[in-house]
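Below is one structure, written out as structure tokens; comments come after it.
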Amino acid sequence: MRETVITPASIANPKTHYGDAKASTRHFITQRVTGLINVLFLGLLLFIVVRLAGQDRADMVSVIGNFWIGVPLALLIAIAAVHMRNGMRDTLEDYFAGSMYRLTMLLNTLFCLIVGLAGAGAVLKIVFWG
Amino acid sequence: MAMSIIHRATGIANYAGMALLAIWLVAAAADQEALNLVNLVYGSWFGQLVLFGFTWSLVHHMLGGLRHWVWDFAAMMEPGQRELMAWATLAASVVITLLIWTVFVWMA
């Protein structure tokens with residue numbers, strides 16, 4: 001993240017090389033690909049929630065404990081966490097710069113790591129240890 | 001303009017809402033008592049209100065993302081088409097959310 005003042009002229013002038021050509025393209029493609037995969041995630045999530053909302057532990061273990069439901073669910077939660085971090089990055093880039101951006105981005109990464117690991121970890125725990 | 005703001009707002013709501021899913025799954029992985037507490041909170045009127053909002057937020061963000069996917073192919077970008085697609089996603093998100101809750105919650 002650059003510390004210099006950004007003006008419309010510096011963005012319009014290609015010689016300033018405003019932005020990060022490689023990283024920005026990668027973020028864009030990552031966001032579109034993970035976003036499309038998230039459609040599958042919502043489908044599976046709808047099934048899981050409709051089937052298991054308010055149910056007791058034994059019932060949840062019997063459904064999520066199925067390898068072919070639990071493992072894809074864990075994988076899709078991890079992919080959703082990547083999408084979350086990437087999307088929040090876009091927002092943070094708009095409102096913060098310099099050290100404040102790095103701090104908020106660190107918190108963003110931590111939150112997505114915790115949610116992703118806790119969610120996927122809990123599912124995998126149910127799959128492999130009941 | 002408004003749709004861009006709503007897309008970002010629903011994205012942030014989904015960001016926070018994913019913590020609710022993680023809490024539910026962690027409680028289920030832990031023990032019955034923790035799960036009972038989560039079921040009590042999520043099953044309360046306030047919990048249901050939040051989950052209803054979360055449902056709409058997820059559906060709307062998904063449709064908004066698909067709209068962006070269409071734009072990536074440089075389609076539906078003309079004036080008129082854009083507004084049509086904006087209203088279509090807004091209407092579809094409300095209809096799909098109400099359908100999900102009617103079929104799976106209120107009538108179940």
Side-chain angles (χ1 to χ4, degrees), chain A residues 28-29 31-43 45-61 63-65 70 73-74 77 80-81 83-88 90-91 94 108 111-112 114-130, chain B residues 4-5 7-36 38-44 47-48 51 54-55 57-73 96-97 99-101 103-105 108:
Chain A
F28 177 87
I29 293 173
Q31 202 63 348
R32 293 306 155 91
V33 171
T34 54
L36 207 61
I37 295 171
N38 281 347
V39 177
L40 298 176
F41 172 57
L42 286 188
L45 184 66
L46 181 66
F47 166 74
I48 297 274
V49 171
V50 165
R51 172 71 183 76
L52 293 173
Q55 300 299 314
D56 55 18
R57 211 182 100 77
D59 205 19
M60 289 191 72
V61 170
V63 173
I64 297 176
L73 180 64
I77 288 174
H83 188 85
M84 281 161 58
R85 176 170 182 267
N86 235 342
M88 188 55 85
D90 285 341
T91 309
D94 284 353
N108 177 29
F111 180 85
C112 295
I114 291 169
V115 167
L117 286 179
V123 169
L124 291 177
K125 188 260 175 192
I126 292 173
V127 172
F128 294 109
W129 292 279
Chain B
S4 167
I5 295 169
H7 191 70
R8 178 164 284 188
T10 52
I12 292 170
N14 296 343
Y15 184 90
M18 275 297 283
L20 297 177
L21 174 66
I23 289 168
W24 181 48
L25 292 172
V26 167
D31 57 45
Q32 184 62 50
E33 269 176 48
L35 188 60
N36 284 343
V38 170
N39 282 342
L40 186 74
V41 176
Y42 288 15
S44 69
Q48 292 288 290
L51 290 180
F54 188 27
T55 311
S57 179
L58 283 171
V59 171
H60 191 273
H61 197 79
M62 178 187 78
L63 293 173
L66 291 174
R67 201 162 51 108
H68 275 281
W69 191 267
V70 171
W71 279 334
D72 285 348
F73 294 92
I96 291 173
T97 305
L99 255 173
I100 289 173
W101 277 72
V103 172
F104 296 117
V105 183

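Chain letters run A, B, ... following the sequence lines, proteins first and then strands; every chain starts at 1. For the numbers below, each heavy atom of this structure counts, side chains included, while hydrogens, waters and symmetry mates do not.
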Under 4.5 Å from any heavy atom of chain A - which part of [X]:
X	value
B:I100	side chain
B:A30	backbone
B:L66	side chain
B:Y15	both

(request) Pick whichever of A:A58, A:G54, A:A118, A:A120 has the most heavy-atom pairs under 4.5 Å with chain B. (result) A:G54
Find out whether [X] and [Y] are in side-chain contact, i.e. whether some heavy atom of one side chain is under 4.5 Å from a heavy atom of the other.
X	Y	result
A:F41	B:L58	no
A:M84	B:N14	no
A:N38	B:M62	no
A:K125	B:V26	no

Search all heavy atoms of [X] against all heavy atoms of [Y] and return the closest pair with its distance.
X	Y	value
B:D72	A:F28	OD1-CZ, 3.7 Å
A:F111	B:A19	CZ-CB, 4.1 Å
B:A29	A:A122	CB-O, 3.6 Å
A:R57	B:L35	N-CD2, 3.4 Å

(request) Evaluate the ring planes of A:H83 and B:H61, with Trp represented by its six-membered ring, and classify them as parallel (under 30°), tilted (30 to 60°) or perpendicular (over 60°). (result) perpendicular
(message) Does any backbone or side-chain atom of A:V115 lie under 4.5 Å from a heavy atom of chain B? Answer side chain, backbone, both or neither.
(response) both
(message) Under 4.5 Å from any heavy atom of chain B, what part of A:M60 do you find: side chain, backbone, both or neither?
(response)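 Contact with chain B involves the side chain of A:M60 alone.
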